[in-house]
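Each remark here refers to the structure printed beneath this line.
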Amino acid sequence: MAKNLVIVESPAKAKTIEKFLGADYKVLSSNGHIRDLKERTFSIDIEHNFEPIYEIPAGKKAVVASLKSEANKANTVWLASDEDREGEAISWHLSEVLNLKNKDTKRIVFHEITKNAILEAIQQPRSINLNLVKAQQARRVLDRIVGFELSPVLWKRIKPALSAGRVQSVTVRLIVEREREVQSFHSTASYRVVAAFAVQDGRKKTELKAELGQRFATEQEARQFLEGCKNASFSVTGLEKHPLKKKPAPPFTTSTLQQEANRKLGLSVSQTMSIAQRLYEDGKITYMRTDSVNLSSLALNTAKKVITETMGAEYAKTRRFTTHQKGAQEAHEAIRPTYMANKTIEGKPMEKKLYDLIWKRTVASQMADAEVEKTTITIGMEGSDRKFVAEGETIVFDGFLKVYRETVEDEDEQNEEARALPTVKVGDALQQKSITATERFTQHPPRYTEAGLVSKLEELGIGRPSTYAPTISTIQKREYVEKVNLPGEERRYKVLTLKDGALSEETKTERYGAEKNKLVPTDVGMVVNDFLMASFPDILDYNFTASVEGQFDEIATGHKEWTQTIADFYRHFHPEVERAEKAKEAHKVGERLLGNDPRSGKPVYVKIGRYGPIAQMGSAEDEEKPRFAQLKKNMSIETVTLDEVLELFKLPRTLGQYEGHEVTVGAGRFGPYVAYNKTYVSIPKTSDPLTLTLEEAVQLIQAKKEADQKKHLKKFDEDPDMEILNGRYGPYIAYKGSNYKIPKGKDPNALTLDECKAIVEQQGSKPATARRRTTRRAR
DNA sequence: CAGTGAGCGAGCTTCCGCTTGACTT
């Protein structure tokens, strides 16, 4: 029997550590937190000093039970959760729940999973830091208060099932504000002038391209300048060379890994995390949720060895990086290969690629600076003080660039690939080959990618490595933002070319502003954001998290009582909630009056309805009930016009009678449809619901009837619930709202009721329970 | 996956941070 029980947070970590510690130690994991505020209810007793009401979530009962029994058997329990606020709280909850207070219990910490680090930690046990635990409790309670008091206000004032919180609401704000910047951006044009000169470089003829140091605001100025160049002579007036050193980027943290995996491999934030998780569980990389750029001494040494052996000693340079990020807690190492000597691994293609990225980034971070010579050639024009400038780079020593180059997001054409320039000397006369002035446009700021957003959040100190991916998915699930591909637009631009003494003009077209996988706010996102900004400016402030973090630090150092901090916050926050809840305006939040219907004179609004953005004609006080119409996908509350909305009210239309029933055309959740005697038929995209005739509608109805007949293959008189249907994917069994697959090789028409029952029995009610679980989780 | 189609309405919804697991057709 093991005398010692060590409890860590992650099972993969437990496995590794057990190997280091030997037979006297059993290592188990808590799988993160084992206790939390009760689900579904507020669970903070405001009246009694904000006393939290904790519970062990259903999913954690089994873990807790097995920890309890092992703890009872052990002589000493070592609490080895991470060394940060959350980790300290995990240890405290363990100590409470497993009833360890009267036992020999020791708290230990380590930042890296190496044998030395762990043996050292065992030598330096301490007790649980209760101030740190209180700081975590304050964090937890504050988040619950904010989330559970704000969200219901949104249900009441905007629409049900929305949510707000310290992290997610600010994240949405970033996207909304960026979108508004994009929308209000006005592009301006200017003319960029580039000259190509013929140069004799040693024995070969080559070309030197240089850009005029200034752009022209108008075509006329550009034209004038080119005219002036016709007979001008050019010569080299300046030649500067200076050495430049480039340093490698630090090894990966969660956010930089997400960033680079997105740019280099096209992975989404959550894809990156799940692939990294597999690598971690296989023991191939260190922990993937970290904000630290620190590497263990073991890693530093082996990196040096690998670099020296494979590339030469001049390529190695040991570097220690330090974190400057706001709120970083550095409980783990940076993300790195566990064994630096493994340049490649076995695994699925994406696992290999992500590993390769991590390996290169880590190794590069321990390599020498790259040495570059930067050359700047200035070209003068006789009789003018305008100058052309050419910049070039040559690599003197590649250093870390041999292994890894960080991708920079950079769509600006000015920064062309740095290249070597031909050899010239000051005074050389240059012959012009061509000079062009090209119309260029300023560009709006780029919309956020998922990874770009994470990096912004990290910069602001909002959220943690473990929550970046979930936060991004929450705001998409709530439909505050969506990931879109924007095709961009075409535009025309002018090019003026001076060649062989003649000036010519050409108009070209280009596509611009195309964006892939970018985040844009929905109508609901914008309305919710505007409402929160107006009612809770403090919570939505980009510095809110940083400022409460400062207070949590004071609690952690024992300078403040946690209940006092929360009481101070609650005292001014709660009245704001009550005010925002009560404020009874005549119209709902986010409503916009577009004008009046020219036929009825009734006012036409757009707003957020229970099921999303809608248009409303007439008001609730009118005798006649108002009419509603759902906005189409591409419409936005902020920009839609009265005429566009009036189109929507042209449905439903009545087409006439068919076999004694009224035939109407409506627009529903799934697009336009024909309704007739309680049956509904979707209108195909090829027909226009506004001009559809009665004859065409009847055709659709008949086609649907036929399809329905084919659909019901078999019914059983003894059990009307059991049916064999023909679906899009072939025949299947439908029974009490669930569908079941017919086993291969069976003739669906020959099935008996008993056989069907057996199939239902065999496949069980699994599909229904599975579905329920996924939807529950989707909330 | 397999069908869906109202009317602004009860029910119920929600936070952040630690960690993995499992319905696969």
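Note: hydrogens, waters and symmetry copies are ignored here, and every other heavy atom, side chains too, is used. All of these numbers come straight from a predicted model, not from anything done at the bench. Naming convention: chains lettered A, B, ... in sequence-line order (proteins, then strands); numbering from 1 in each chain.
Here A:E459 pairs with A:K456 under the salt bridge (Lys or Arg N to Asp or Glu O under 4.0 Å) rule; sequence neighbours left out. Listed by chain and residue number, A:R464 satisfy the salt bridge (Lys or Arg N to Asp or Glu O under 4.0 Å) test with A:D291 (two or more places apart in sequence, or in another chain). Every residue was checked against the salt bridge (Lys or Arg N to Asp or Glu O under 4.0 Å) condition with A:D553, not counting sequence neighbours, and none meets it. Applying the salt bridge (Lys or Arg N to Asp or Glu O under 4.0 Å) criterion to A:E88, with sequence neighbours excluded, gives A:R107, A:R126. With sequence neighbours excluded, the residues satisfying side-chain contact (heavy atoms from CB on, under 4.5 Å) with A:F628 are A:I614, A:Q616, A:P626. Considering only residues two or more places apart in sequence or on other chains, A:Y54 meets the ring-ring contact (aromatic ring centres under 6.0 Å, His included) condition with A:H93. For A:Y570, the ring-ring contact (aromatic ring centres under 6.0 Å, His included) criterion is met by A:F50, A:H574, not counting sequence neighbours.
Base contact: A:I614 has a heavy atom under 4.0 Å from a base atom. At a threshold of 4.0 angstrom between heavy atoms, the contacts of A:T474 are confined to the sugar-phosphate backbone, with no base atom among them. Within the nucleic acid shown, A:G32 comes within 4.0 Å of at least one base atom, counting heavy atoms only.
Distance noted for atom P between B:dA22 and B:dA2: 26 Å (whole Å). As rounded to the nearest Å, B:dC1 and B:dC23 have C1' atoms that lie 14 Å from one another.
Listed by first and then second residue, the salt bridge (Lys or Arg N to Asp or Glu O under 4.0 Å) pairs that reach into residues 6-17 of chain A are A:K13-A:D82, sequence neighbours excluded. A salt bridge (Lys or Arg N to Asp or Glu O under 4.0 Å) check over residues 53-67 of chain A, counting only residues at least two apart or in different chains, returns nothing.
Between A:R35 atom CZ and B:dC16 atom C1' the separation is 18 Å, expressed in whole Å. If you take CG of A:D143 and P of B:dG17, they are 6 Å apart, rounded to a whole angstrom. Between the CD atom of A:E83 and the P atom of B:dC18 there is a distance of 14 Å, rounded to whole Å. Protein atom CG of A:L94 is 16 Å distant from nucleotide atom P of B:dC18, rounded to whole Å. Atom pair A:D36:CG and B:dT14:P shows a separation of 15 Å (rounding to whole Å applied). One atom, CD1 of A:I472, and another, P of B:dG17, lie 13 Å apart when rounded to the nearest Å. The nearest whole Å value for the distance from the CZ atom in A:R140 to the C1' atom in B:dT14 is 11 Å. Spacing between atom CH2 of A:W155 and atom P of B:dA10 amounts to 15 Å, rounded to whole angstrom units.
Note that the CD atom of A:E581 and the NZ atom of A:K156 stand 4.0 Å from one another [nearest 0.5 Å].
Stem regions annotated for DNA chain B: none, counting only runs of 3 or more consecutive pairs of Watson-Crick or G-U type with both contacts under 3.5 Å.
Map A:K60 and A:S169 each onto its nearest nucleotide of DNA chain B; the residue landing nearer the 5' end is A:S169. A residue-by-residue look at A:E281 and A:R139 shows that A:R139 has its nearest nucleotide of DNA chain B further toward the 5' end.
Within residues 129-136 of chain A, no residue approaches DNA chain B, by heavy-atom distance under 4.0 Å. Within residues 459-469 of chain A, the residues that place at least one heavy atom under 4.0 Å from DNA chain B are, in residue-number order, A:G463, A:R464, A:S466, A:T467.
A cation-pi arrangement is not found for A:R592 relative to A:Y605, the charged atom failing to lie both closer than 6.0 Å to the ring centre and inside a 45° cone about the ring normal.
Taking a cutoff of 4.0 Å between a charged side-chain nitrogen and a carboxylate oxygen, A:R166 and A:D143 qualify as a salt bridge.
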